[in-house]
Colleague: 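Okay, handing you the structure first.
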Amino acid sequence: MRIHVADHPLVAHKLTTLRDERTDSPTFRGLADELVTLLAYEATRDVRVETVTVRTPVAEAQGTRLAAPKPLVVPILRAGLGMLDGMMRLLPTAEVGFLGMVRNEETLEASTYAERLPDDLSGRQCYVLDPMLATGGTLAAAIRFLVDRGADHITAICLLSAPEGCERLEKDLDGLDIPVTVVTAGMDERLNEKGYIVPGLGDAGDRLYGIAG
Ligand SMILES: O=P(O)(O)OC[C@H]1O[C@H](OP(=O)(O)OP(=O)(O)O)[C@H](O)[C@@H]1O
Ligand SMILES: O=c1cc[nH]c(=O)[nH]1
Ligand SMILES: [Mg+2]
């Protein structure tokens with residue numbers, strides 16, 4: 001597994017405002033959207049392409065275009081939905097599948113409550129969107145789900161990550177013989193006793209959409 005921490009002043013600037021507890025939901029949503037587009041640029045560095053020839057008004061040119069099959073973008077509901085538009089801005093022709101997952105805040109175990117994905121993901125590159133990589137339980141389960149369907153290349157885009165979650169992913173995905181990359185805007189210090197990233201930004205879903213009942 002490869003972990004890429006984006007190192008760019010604009011990423012750092014936007015992330016700092018996201019963290020600020022005074023940032024309201026509309027501003028948070030706008031910043032998350034912009035941040036994902038910046039991360040997506042890095043995350044799609046190894047998107048599959050093919051060589052094509054096009055005719056310009058002047059001559060033939062050798063060029064590049066996205067190869068088939070189309071990449072699949074998978075936001076993890078709820079908070080991952082706040083990352084979808086920012087991703088699709090860079091990959092407008094990608095297909096989108098949905099996974100609804102929630103972490104039990106007592107046990108910190110993730111469970112899946114919704115799924116709308118192609119049955120067969122053989123040979124598909126998948127981009128998983130989830131703002132928080134905390135214990136890693138949610139992302140590990142999501143990646144397993146996609147690999148079990150045949151996905152052969154996974155890139156996760158996370159706004160913030162914790163070292164504990166990265167270690168868990170390494171362990172849980174040990175033996176998987178496909179490339180898995182995590183692209184993140186920041187690697188924080190640790191998790192607290194409630195499994196929240198420290199210093200983090202709080203509950204990403206609540207900050208995007210308000211407190212869930
Ligand atoms: O790495 P983990 O410890 O599994 O935690 C990370 C998950 O927790 C949050 O989702 P949450 O369960 O709060 O659901 P929500 O998106 O609906 O708020 C977050 O959006 C991740 O999906
Ligand atoms: O810090 C955290 C950890 C899990 N989920 C969140 O939304 N935030
Ligand atoms: Mg939440």
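FYI, side chains are in, hydrogens and waters are out, and symmetry mates aren't considered; it's all heavy atoms of this structure. Values in this document were obtained by computation on a predicted structure and should not be read as measured data. In listed order, ligands and their atoms are each counted from 1.
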Colleague: Which heavy atom of the protein is the closest neighbour of atom 13 (O) of ligand 1, given with residue, atom name and distance?
Modeller: D203 OD2, 3.8 Å

Colleague: Can you list everything that forms a salt bridge (charged side-chain N to carboxylate O under 4.0 Å, His left out) with E42? Sequence neighbours excluded, please.
Modeller: R45

Colleague: Is D206 close enough to the Mg ion (ligand 3) that one of its N, O or S atoms comes in under 2.8 Å?
Modeller: no

Colleague: With heavy atoms only and a cut-off of under 4.0 Å, state how A110 meets ligand 1: side chain, backbone, both or neither.
Modeller: neither

Colleague: For the pair R89 and D33, evaluate side chain to side chain contact (heavy atoms under 4.5 Å, CB included) and give the outcome as yes or no after the intermediate values.
Modeller: CA-CA 10 Å; R89 198 168 292 124; D33 179 75; 2.9 Å; yes

Colleague: In terms of residue, atom name and distance, what is the protein heavy atom nearest to atom 3 (O) of ligand 1?
Modeller: T135 OG1, 2.6 Å

Colleague: Regarding R78 and D206, does a basic nitrogen lie under 4.0 Å from an acidic carboxylate oxygen?
Modeller: yes

Colleague: Can you get from Y127 to L139 by hopping between Ile, Leu, Val, Met, Phe, Trp and Tyr side chains that sit under 4.5 Å apart?
Modeller: no

Colleague: Write out the protein residues near ligand 2, meaning a non-hydrogen atom under 4.0 Å from one of its atoms, in order of chain and number.
Modeller: R103, M132, A134, G195, Y196, I197, G202, D203, A204

Colleague: Would you please test T23 and L201 for side chain to side chain contact (heavy atoms under 4.5 Å, CB included) and show each step?
Modeller: CA-CA 10 Å; T23 299; L201 50 74; over 6 Å; no

Colleague: After noting the C-alpha distance and the side-chain angles of V102 and T138, does the key distance pass the side chain to side chain contact (heavy atoms under 4.5 Å, CB included) rule?
Modeller: CA-CA 8 Å; V102 67; T138 303; over 6 Å; no

Colleague: In terms of atom number and element, which parts of ligand 1 are under 4.0 angstrom from non-hydrogen atoms of A79?
Modeller: 16 (O), 20 (O)

Colleague: D206 to ligand 1: N or O pair under 3.5 Å?
Modeller: no

Colleague: Output the list of atoms in ligand 1 that are nearer than 4.0 Å to some heavy atom of G136, sorted by atom number.
Modeller: 1 (O), 2 (P), 3 (O)

Colleague: For atom 6 (C) of ligand 1, what is the nearest protein heavy atom, given as residue, atom name and distance?
Modeller: M132 O, 3.3 Å

Colleague: Determine the minimum heavy-atom distance between L66 and L91, stating which atoms define it.
Modeller: CD1-CD2, 3.7 Å

Colleague: Short list, please: which atoms of ligand 1 are under 4.0 Å from a heavy atom of R103?
Modeller: 2 (P), 3 (O), 4 (O), 5 (O), 12 (O)

Colleague: Please examine the side chains of D188 and R19, heavy atoms only from C-beta on, and report whether any two atoms are closer than 4.5 Å.
Modeller: yes

Colleague: Answer yes or no: does an N/O atom from A134 fall short of 3.5 Å to an N/O atom of ligand 1?
Modeller: yes

Colleague: Does ligand 1 have an atom that lies less than 4.0 angstrom from a heavy atom of G195?
Modeller: no

Colleague: Does a salt bridge link R103 with E105, judged by any charged N lying under 4.0 Å from a carboxylate O?
Modeller: yes

Colleague: Can you pull out the closest protein heavy atom to atom 7 (C) of ligand 1? Residue, atom name and distance to 0.1 Å, please.
Modeller: T138 OG1, 3.6 Å

Colleague: Any non-hydrogen atom of D130 lying under 4.0 Å from ligand 1?
Modeller: yes

Colleague: Please lay out, stage by stage, how L90 and T37 fare under the test side chain to side chain contact (heavy atoms under 4.5 Å, CB included).
Modeller: CA-CA 7 Å; L90 279 201; T37 304; 4.0 Å; yes

Colleague: Taking all heavy atoms of A40 and all of I157, pick out the closest pair and write down the distance.
Modeller: CA-CD1, 4.0 Å

Colleague: Below 4.0 angstrom, counting only protein heavy atoms, does anything approach atom 10 (O) of ligand 1?
Modeller: no

Colleague: What's the spacing between L15 CG and L10 CG if we round to 0.5 Å?
Modeller: 12.5 Å

Colleague: Are E50 and R65 ion-paired here, with the side-chain N under 4.0 Å from a carboxylate O?
Modeller: yes

Colleague: Using a 4.0 Å cutoff against the non-hydrogen atoms of R78, which atoms of ligand 1 qualify?
Modeller: 15 (P), 16 (O), 17 (O), 18 (O)

Colleague: Report yes or no: does a heavy atom of V102 sit under 4.0 Å from some atom of ligand 1?
Modeller: yes

Colleague: Looking at G205, which atoms of ligand 1 are within less than 4.0 Å of one of its heavy atoms?
Modeller: 18 (O)

Colleague: Please determine if D172 and R144 form a salt bridge, counting it only when a charged side-chain N lies under 4.0 Å from a carboxylate O.
Modeller: no

Colleague: Looking at C158 and L133, what are the two nearest heavy atoms and their distance?
Modeller: SG-CB, 4.0 Å

Colleague: Taking distance alone, with no angle check, do Y113 and ligand 1 share an N/O pair under 3.5 Å?
Modeller: no

